[in-house]
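This structure is a prediction, so every number in the text was calculated from the model and none was measured.
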Amino acid sequence: MQRVVSVVAHLGFRLQALPPALCRPLSCAQDVLRRTPLYDFHLAHGGKMVAFAGWSLPVQYRDSHTDSHLHTRQHCSLFDVSHMLQTKIFGSDRVKLMESLVVGDIAELRPNQGTLSLFTNEAGGILDDLIVTNTSEGHLYVVSNAGCWEKDLALMQDKVRELQNQGRDVGLEVLDNALLALQGAVTSGCPSPSLKKNVAMGYVPCEYSRPGTMLLVEVRRKQQIAVVSKMPFVPTNYYTLK
């Protein structure tokens, strides 16, 4: 059953939390876990199934993580989101609402274009990551983590505030072969098999968010130079519905 939530009517938006995917019960030993519609597909392709947020999901396929990464970059891959929180945001103020909750320029998204972004608290601390898509059907489509279902939905319902002058989420490239630790603001970092260098995302004040800006960062108690880079680091190569 779909749950429709009307919030703060004068702002002109409403939220619609989509129901979880129809799922089949597991055997008696694992009946606390739910299965997505792609469960059999995962098994057929060698998926190593583990428990995550109440669901049975593949943590890896028969190939290595590097092989999967390169296949995605060179060809195409799908990600099963049927276990995740999926929310539609309607109304004339939907962009204003979303930009008060996340870092990212939602207003600049083209129709049917999405972006990875972050939920933040009033101090700019990171609560969760999510993907926001500006659909051509007149609403924002938000996908966030299954493990944060209740927290994220409550945040979108109750939290309307100003986030824009606090900072901006940027991509960072370390100029030598070291992983990045930006003081107080790293959100993620890892080697890039495609670029053969280390990349990361960091949360910086707006005045330091322009691509090409040089930043002094700390890596294992040593200072290193990193440069703010446009994202995505590797250009996308997938079909977009016109």
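In terms of hydrophobic clustering, with Ile, Leu, Val, Met, Phe, Trp and Tyr side chains grouped at heavy-atom distances under 4.5 Å, Leu78 and Val81 are assigned to different clusters. Hydrophobic clustering places Leu116 together with Leu195 (ILVMFWY residues linked when any side-chain heavy atoms are closer than 4.5 Å, directly or through intermediates). Note: the hydrophobic cluster containing Val234 also contains Met231 (ILVMFWY, side chain heavy atoms under 4.5 Å, direct or indirect links).
Distance check, rounded to the nearest 0.5 Å: OG1 of Thr72 to CG of Asp67 gives 10.5 Å. Of the inter-residue distances, the one linking Met84 atom CE with Cys148 atom SG reads 9.5 Å to the nearest 0.5 angstrom. Tyr141 contributes atom OH, which lies 14.0 Å from atom CG of Asn134 (distance to the nearest 0.5 angstrom). Of the inter-residue distances, the one linking Arg110 atom CZ with Ser136 atom OG reads 13.0 Å to the nearest 0.5 angstrom. Considering CG of Asn112 and OG1 of Thr135, their distance stands at 6.5 Å, rounded to 0.5 Å. One distance of note links CG of Leu101 with CD1 of Ile89; it measures 7.5 Å at 0.5 Å rounding.
A donor-acceptor contact shorter than 3.5 Å links the side chain of Arg94 to the backbone of Gly91.
For the pairing with Tyr61, the side chain to side chain donor-acceptor pair (under 3.5 Å) check across His45, His42, Lys48 returns one residue only, His42.
With sequence neighbours left out, the side-chain hydrogen bond (donor to acceptor under 3.5 Å, both in side chains) criterion links Asp63 to no other residue. Take Asp129 and apply the side-chain hydrogen bond (donor to acceptor under 3.5 Å, both in side chains) test, not counting sequence neighbours, and it matches Asn145.
In terms of heavy-atom proximity, Phe119 sits nearest to Val102 at CD2-CG1, 3.8 Å. Taking all atoms of both residues into account, the shortest heavy-atom contact from Leu33 to Ala51 is CD2-CB, 3.7 Å. In plain terms, the two heavy atoms of Ala44 and Arg62 that are nearest each other are O-NH2, 3.4 Å. Scanning all heavy atoms of the two residues, the minimum distance from Asp105 to Glu108 falls at OD2-CG, 3.0 Å. Closest approach of Ser56 and Tyr39 over heavy atoms only: OG-CE1, 3.5 Å. When all heavy atoms of His69 and Ser194 are compared, the pair lying nearest together is NE2-OG, 3.1 Å.
Using a 4.5 Å heavy-atom cutoff, the side chains of Val132 and Glu99 are not in contact. Counting heavy atoms from C-beta outward, Ile106 and Thr115 have side chains that approach closer than 4.5 Å.
Cluster note: Val59 groups with Val50 through ILVMFWY side-chain heavy atoms spaced under 4.5 Å, whether in direct contact or through intervening members.
Using cut-offs of 30° and 60° on the angle between ring planes, the pair Phe52 and His83 is perpendicular.
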Between Thr133 and Leu109, does a side chain to side chain contact (heavy atoms under 4.5 Å, CB included) hold up when you go through it step by step? CA-CA 8 Å; Thr133 300; Leu109 291 177; over 6 Å; no
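Side-chain contact check for Ser144 and Asp128: no donor-acceptor pair (N or O, by modelled atom type) lies under 3.5 Å.
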